[in-house]
Protein chains: 2
Amino acid sequence: MTGLAGKVAAARTRAKEAESDADDSEVRLGELDGFIGFNLRLAQDASFRAFTRRVGETSLKPGRFAALMVIHNNPGITPGALGRAIARDKSTITPLVQALLRDGLVERRQSRTDRRSFTLRLTKAGEALRRELLAPAQAHDRKLDEIVGERKEEFLELLRRIVELLE
Amino acid sequence: MTGLAGKVAAARTRAKEAESDADDSEVRLGELDGFIGFNLRLAQDASFRAFTRRVGETSLKPGRFAALMVIHNNPGITPGALGRAIARDKSTITPLVQALLRDGLVERRQSRTDRRSFTLRLTKAGEALRRELLAPAQAHDRKLDEIVGERKEEFLELLRRIVELLE
DNA sequence: TATTGTTATACTCTATAACTATA
DNA sequence: TATAGTTATAGAGTATAACAATA
């Protein structure tokens, strides 16, 4: 997994005709190269790896960090609402929440308004870890900001439009 | 999983102060909302789901479709070069290639130049499936093109810069 | 009847390490 | 020594379906 992103870029820029068997330095992506979806996946993959590298392999993955952030900002949120906020199905939010409970980062209480449900809050340890990870997470995103430059707001707007309109 | 993207958008736009327990319609994303990385993930997730919906749940996922496209455009490519082209580790490209072999979409031959390696080609069935999926895949990306509008080239350039510079 | 969360199941993806056969 | 690909393993994410308790 060393330098995947760089090699992808190299493969793209060095793409050219290949008459016999293709080797490493002359991979043609074809239609894929102009597909927004494909490039979105490469960029998301690169961002995910860079986040993990910066925050530390041993610590939280982006998905769990996002959950911590949302619970912090919405004390008392239910698992369902949390899942909708970070685009996770209820079948994936249950194990995620259980992992956070297991690690002592989150606590749950019976919901007063809906006895089928319950509410989530960060524990002291959860707050501490969130605070600890916020700095490297922000550093990671500042790096993305640098790359995108002054077009950041337009870029974010397009990403949000994709989410809203691709329903 | 019905309407996840729409609910995320609604959660964002309706975000406001919440004094007591947060409910569904007033989730605050906090710093996350301005993070490029987080929005990249939501957009990629929405695109992935839309692709799968359009191409057909029963058929190929975006990752395998991308592999088919790259092998088509680079007959004789090795698994390693394929993995680098679509940003997949060698530990994930092996099972992917084996699934394609198992499904009769790809064939492999001994490499003439490197006896540790081998070369990949689409079978007739692989070519047929690729041809069949190309239309819905292009329709999917045209939908993305519509959403992004005339800023497509700039958008693609930013996605590629992220891949290149986030190493 | 519909919804909240749980459980079970299956497949995919990610990541590491150990292995083989070559180079 | 390093590289190509395989195998094994473990942890996540994705998806569906069936279920209990409650709305």
Side-chain angles (χ1 to χ4, degrees), chain A residues 1-4 7 21 23-24 41-42 44-46 48-53 56-67 77-84 86-103 108-120, chain B residues 1-4 7 23-24 41-42 44-53 56-67 77-84 86-103 108-120:
Chain A
M1 198 245 354
T2 53
L4 259 186
K7 283 169 188 163
D21 287 353
D23 82 2
D24 213 319
R41 152 149 155 67
L42 295 187
Q44 140 72 14
D45 180 69
F48 189 101
R49 288 180 202 275
F51 180 97
T52 303
R53 214 181 312 134
E57 280 78 6
T58 58
S59 199
L60 295 186
K61 291 282 180 7
R64 294 202 182 166
F65 174 70
I77 194 172
T78 62
L82 172 62
R84 284 185 287 276
I86 60 176
R88 301 287 283 271
D89 197 71
K90 70 172 178 174
S91 74
T92 74
I93 205 68
T94 293
L96 191 162
V97 167
Q98 286 176 338
L100 296 177
L101 288 167
R102 166 176 48 74
D103 295 345
R108 52 187 239 172
R109 305 179 192 162
Q110 269 283 132
S111 168
R112 289 160 305 172
T113 51
D114 185 341
R115 286 163 57 205
R116 292 172 303 182
S117 189
F118 51 86
T119 63
L120 302 170
Chain B
M1 200 244 358
T2 53
L4 259 188
K7 282 169 189 166
D23 84 0
D24 214 318
R41 150 147 156 70
L42 295 186
Q44 141 71 13
D45 180 70
S47 170
F48 190 103
R49 288 179 201 277
F51 180 96
T52 303
R53 214 182 310 134
E57 280 77 7
T58 58
S59 200
L60 295 188
K61 291 282 181 1
R64 292 200 184 169
F65 174 71
I77 194 171
T78 61
L82 172 62
R84 286 184 286 275
I86 61 177
R88 301 287 283 272
D89 197 69
K90 70 173 179 174
S91 73
T92 73
I93 205 69
T94 292
L96 192 162
V97 167
Q98 285 175 339
L100 296 176
L101 289 166
R102 166 177 47 75
D103 296 345
R108 53 187 239 172
R109 305 180 193 161
Q110 269 282 133
S111 168
R112 289 160 303 169
T113 51
D114 185 339
R115 286 163 59 208
R116 293 170 302 181
S117 186
F118 52 86
T119 63
L120 303 170

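Since this is a predicted model, take the numbers as computed values, not measurements. Throughout, protein chains are lettered first and strands after them, A, B, ... in sequence-line order, and every chain is numbered starting at 1.
Considering only residues two or more places apart in sequence or on other chains, A:Phe65 meets the ring-ring contact (aromatic ring centres under 6.0 Å, His included) condition with A:Phe51. A search for salt bridge (charged side-chain N to carboxylate O under 4.0 Å, His left out) contacts involving A:Arg108 returns nothing, not counting sequence neighbours. Scanning for salt bridge (charged side-chain N to carboxylate O under 4.0 Å, His left out) contacts around B:Arg115 gives an empty result, with sequence neighbours left out. Under the salt bridge (charged side-chain N to carboxylate O under 4.0 Å, His left out) criterion, A:Asp114 pairs with A:Arg116, not counting sequence neighbours.
Rounded to whole Å, the distance from CG on A:Leu60 to P on D:dG13 is 11 Å. Distance, B:Arg49 CZ to D:dA15 C1': 9 Å, rounded to whole Å. At whole-Å resolution of the value, CG in A:Asp89 and P in C:dT12 are 18 Å apart. Between the P atom of D:dG11 and the CG atom of A:Asp103 lies a distance of 12 Å, rounded to the nearest Å. We find that CZ of A:Phe118 is positioned 14 Å from C1' of D:dT22, with the value rounded to whole Å. In this structure, A:Arg53 atom CZ and C:dT14 atom C1' are separated by 15 Å, rounded to whole Å. Atoms CD (B:Gln44) and P (C:dC13) sit 12 Å apart, rounded to a whole Å. B:Leu82 has its CG atom 12 Å from the P atom of C:dC13, to the nearest Å.
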Protein-nucleotides 20-23 of chain C N/O pairs closer than 3.5 Å?
residue, atom, partner, partner atom, Å
C:dA23, OP1, B:Arg115, N, 3.0

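Along DNA chain D, the nucleotide nearest to A:Arg64 and the one nearest to B:Phe48 differ in position, and the one closer to the 5' end is contacted by A:Arg64. Projected onto DNA chain D by closest heavy-atom contact, B:Ile93 and A:Arg102 fall at different nucleotides, the more 5' of which corresponds to B:Ile93. Projected onto DNA chain C by closest heavy-atom contact, B:Lys90 and B:Leu96 fall at different nucleotides, the more 5' of which corresponds to B:Leu96.
Not one side-chain nitrogen or oxygen of B:Arg88 sits closer than 4.0 Å to the OP1 or OP2 atom of C:dA15. Distances shorter than 4.0 Å separate none of the side-chain N or O atoms of B:Gln98 from OP1 or OP2 on D:dG5. Using a 4.0 Å cut-off, no side-chain N or O of A:Thr92 falls inside it from OP1 or OP2 of D:dG13. Taking 4.0 angstrom as the limit, B:Ser91 places none of its side-chain polar atoms (N or O) nearer than this to OP1 or OP2 of C:dA15.
Within the model, atoms CG of A:Leu82 and CG of A:Leu100 stand 8.5 Å from one another, a figure rounded to the nearest 0.5 Å.
Between B:Ile93 and B:Pro79, the shortest heavy-atom contact is CG1-O, 3.7 Å.
Screening residues 90-99 of chain A for side-chain hydrogen bond (donor to acceptor under 3.5 Å, both in side chains), with sequence neighbours left out, gives A:Arg88-A:Thr92, A:Asp89-A:Ser91.
If you check C:dT6, D:dT6, C:dT14 against the side chain of B:Arg108, the one that comes closest is D:dT6.
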